[in-house]
Structures are given as C-alpha cells and as structure tokens.
Chemist: 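After the structure tokens below, expect a handful of questions from me.
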Amino acid sequence: MAETAGPWRPGTDPAPDPAACARTLAAAFTREPAVTWICGGSAAARTRWFETTLRTHATLAGARRHTLTDPSGRMVAAAVLTPPGAVPGAGARALWAARTAVRCGPRALGRTLRYLHAAETGVPDGAWTLEFVGVLPELTGRGAGRVLLDHLLDATPAPAGFFLTTADPANVTLYRRFGFEVVRRTALAGLEITAMARPAGG
C-alpha cells in the first residue's frame, strides 16, 4: 500500500516534538470547520490550541506522531494517533484544561469539550483513533497527504482498525478512498461531525 511517489519522506518520530507538529497542523487546519469554530480565525490562537492539545497527547503511553518532510528536512505534513483505550490521566486533563483556558480562552475550552463529547462517543473497541492529519496549504493536492496516510496505515499495528471524526464534508470522500466508512453523523452548533471507521485490513 505504501506510496513513494513524490519528494516526500514519511517517518514515525519516536521522540516527537509537539511544538513542531502543532505549527504544521495549525497551518493545515486554517479553514477546517471545527478548529475554526473552536479557535476563531486567529492563526496565533489556532497554534496555541494545537500546542496545548499535543502537549497533553504526548503524555499518553504509545501515542504516535507521523510526519512527512521535504528534501530539505522541512516538516510539510503531520498526523497524530491515539492508541486503543488511551486517555490522559486526571492530572493531565486538569492541566490541559487550565492551559487551554489561559492560552486560548474559556470559549475555546468550552467548545473543545463540547466537540469531544459529541465526537468521541462510540469509538470501536481496540481501534486506534486518528486525531489529526494535515498538510501545509501550499502543498495540498500534490500527493503529500496520500503518502502520509498510506504510511501511517501501514506502519500502525491495528488489528481492530482505525477510527476518526471530521467536520469537513470534503474529507469524507478522501477517507473513503482509504477504506473508511461512515458510522454516524452528529450535528453540533452548525457543524456536521462525521464519524468514520476502517476495519483491519480495510
């Protein structure tokens, strides 16, 4: 399944830098509906939100970040995966909430919690969750996203498959091409959150 066309070099970072991934994802999610609803249109707020979120995610045992770099070594795409059943501890959750409220504002915290409540119900037992995957806007449509998705799906041992949610209708067609199927749709504050699952070997 792995695709190597193009000048991209995929990899799994065993000691990922949350700040570097956050900057890449903040740029990639400039127009993504859910992140825009949470953070507003501010690039700085979006970057702070990703920094805070990924810093907490890095505390999870087995958490994975996959990255794609160009020939110069610049990160051009990133993906974040949560292992089956992994959740932050109470202390990490409290620290995340405090940091999000201070760095992004109470509204961003409240909206994040509402989105999580709507999106994370019904994750299939044993499935990995694809939390984020994003490509720098200037490289959209040039194959980087496909290479990264091919790589992470091949590199992750997932006998129970994968799960994700998206609030961008355009992503549904994309993920179908990788074997994901819609399992439910949820309305939230004008967003339509689509939950999708990919069985093992899908």
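Just the heavy atoms: all of them, side chains too, but no hydrogens, waters or symmetry mates, feed the values below.
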Chemist: Could you tell me whether the side chain of Thr56 reaches within less than 4.5 Å of the side chain of Leu95, counting heavy atoms only?
Modeler: no
Chemist: Are more than 12 heavy atoms from other residues, nucleotides or ligands located less than 6.0 Å from atom CZ of Arg74?
Modeler: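 Buried by this count: over 12 neighbours within 6.0 Å.
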Chemist: Under the side-chain hydrogen bond (donor to acceptor under 3.5 Å, both in side chains) criterion, do Thr166 and Asp168 qualify, and how do the steps go?
Modeler: CA-CA 5 Å; Thr166 180; Asp168 188 344; 5.8 Å; no
Chemist: State yes or no: do Leu174 and Leu81 share one hydrophobic cluster built from I, L, V, M, F, W and Y residues joined by side-chain heavy-atom distances below 4.5 Å, directly or via other members?
Modeler: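 Yes, Leu174 connects to Leu81 through the hydrophobic network.
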Chemist: For Ala26 and Thr47, work out which heavy atoms get closest and say how close.
Modeler: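 Minimum heavy-atom separation between Ala26 and Thr47: CB-OG1, 3.4 Å.
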Chemist: Applying side chain to side chain contact (heavy atoms under 4.5 Å, CB included), run through Met196 and Val172 and close with a yes or a no.
Modeler: CA-CA 8 Å; Met196 307 184 75; Val172 175; 4.0 Å; yes
Chemist: With sequence neighbours excluded, what pairs up with Glu51 under the salt bridge (Lys or Arg N to Asp or Glu O under 4.0 Å) test?
Modeler: Arg103
Chemist: Hey, could you give me each pair passing side chain to side chain donor-acceptor pair (under 3.5 Å) that has a residue in residues 87-102? Not counting sequence neighbours.
Modeler: Trp96-Thr100
Chemist: State, with a plain yes or no, whether a side-chain heavy atom of Glu181 is found less than 4.5 Å away from one of Arg198.
Modeler: no
Chemist: Are His57 and Val80 close enough that some pair of their side-chain heavy atoms sits under 4.5 Å apart?
Modeler: yes
Chemist: With heavy-atom distances below 4.5 Å as the criterion, would you say the side chains of Leu148 and His66 are in contact?
Modeler: yes
Chemist: Just wondering, do Arg65 and Leu54 contact through their side chains at under 4.5 Å, heavy atoms?
Modeler: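 Result yes, sub-4.5 Å side-chain heavy-atom pair found.
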Chemist: Who are the side-chain hydrogen bond (donor to acceptor under 3.5 Å, both in side chains) partners of Arg177, not counting sequence neighbours?
Modeler: none
Chemist: Which atom pair, heavy atoms only, marks the closest approach of Leu25 to Ala78?
Modeler: CD2-O, 3.5 Å
Chemist: Measuring only between side-chain heavy atoms, which start at C-beta, is Pro169 closer than 4.5 Å to Thr194?
Modeler: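 In short, these two side chains do not touch, never coming nearer than 4.5 Å.
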Chemist: Compare every heavy atom of Pro83 with every heavy atom of Ala63, then report the nearest pair and how far apart it is.
Modeler: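 So the two residues come closest at N-CG, 3.7 Å.
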Chemist: By ring pair (Phe, Tyr, Trp, His ring centres under 6.0 Å), which residues pair with Tyr175, not counting sequence neighbours?
Modeler: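 With neighbours one apart ignored, the set is Phe180.
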Chemist: Counting only N and O atoms by type, is there a donor-acceptor contact under 3.5 Å from the side chain of Thr59 to the main-chain atoms of Arg55?
Modeler: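 No, because the side chain of Thr59 does not come within donor-acceptor range (under 3.5 Å) of the backbone of Arg55.
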Chemist: Hey, could you give me the CG/CD distance between Asn171 and Glu32, rounded to the nearest 0.5 Å?
Modeler: 7.5 Å
Chemist: Quick one: closest heavy-atom pair of Pro124 and Phe163, and the distance?
Modeler: CD-CD1, 3.5 Å
Chemist: Measure the SG-CZ distance between Cys21 and Phe132 for me, rounded to the nearest 0.5 Å.
Modeler: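 Here the interatomic distance stands at 11.0 Å.
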Chemist: If a pair satisfies side chain to side chain donor-acceptor pair (under 3.5 Å) and one of its residues is in residues 120-133, list it, with sequence neighbours excluded.
Modeler: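 Side chain to side chain donor-acceptor pair (under 3.5 Å) check on residues 120-133 returns Thr82-Glu131.
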Chemist: Measuring only between side-chain heavy atoms, which start at C-beta, is Val76 closer than 4.5 Å to Val135?
Modeler: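 No. Closest side-chain heavy atoms not under 4.5 Å.
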Chemist: For Phe162 and Phe178, I'd like to know if the aromatic rings sit close, meaning centre-to-centre distance below 6.0 Å.
Modeler: no
Chemist: In terms of hydrophobic clusters joined by side-chain contacts under 4.5 Å, are Val35 and Leu188 together?
Modeler: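 As far as the 4.5 Å side-chain criterion goes, Leu188 and Val35 are connected within one cluster.
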Chemist: Heavy atoms, side chains only, cut-off 4.5 Å: are Leu152 and Leu130 in contact?
Modeler: yes
Chemist: Please report, to 0.1 Å, the donor-acceptor pairs under 3.5 Å made by any side chain of residues 108-116, with sequence neighbours excluded.
Modeler:
| unit_1 | atom_1 | unit_2 | atom_2 | d |
| --- | --- | --- | --- | --- |
| Arg111 | NH1 | Trp37 | O | 2.7 |
| Thr112 | OG1 | Trp49 | NE1 | 3.0 |
| Thr112 | OG1 | Ala108 | O | 2.7 |
| Tyr115 | OH | Thr165 | OG1 | 3.3 |

Chemist: Any side-chain to backbone donor/acceptor pair from Thr156 onto Leu153? Under 3.5 Å, distance only.
Modeler: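 No: the side chain of Thr156 does not pair with the backbone of Leu153.
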Chemist: List the atom of Ala155, the atom of Pro157, and the distance in Å for their closest heavy-atom pair.
Modeler: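 That would be O-CD, 3.5 Å.
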Chemist: Examine Leu136 and Phe29 and state if one hydrophobic cluster contains both, with Ile, Leu, Val, Met, Phe, Trp and Tyr joined whenever side-chain heavy atoms are less than 4.5 Å apart.
Modeler: no
Chemist: Checking Thr36 against Arg31 for the side chain to side chain contact (heavy atoms under 4.5 Å, CB included) test, could you report, in this order, the C-alpha distance in whole Å, the side-chain angles of both residues, the deciding distance, and whether it holds?
Modeler: CA-CA 7 Å; Thr36 299; Arg31 293 181 176 84; 5.5 Å; no
Chemist: I need the minimum non-hydrogen distance between Cys39 and Ala45, along with the two atoms involved.
Modeler: O-CB, 3.9 Å
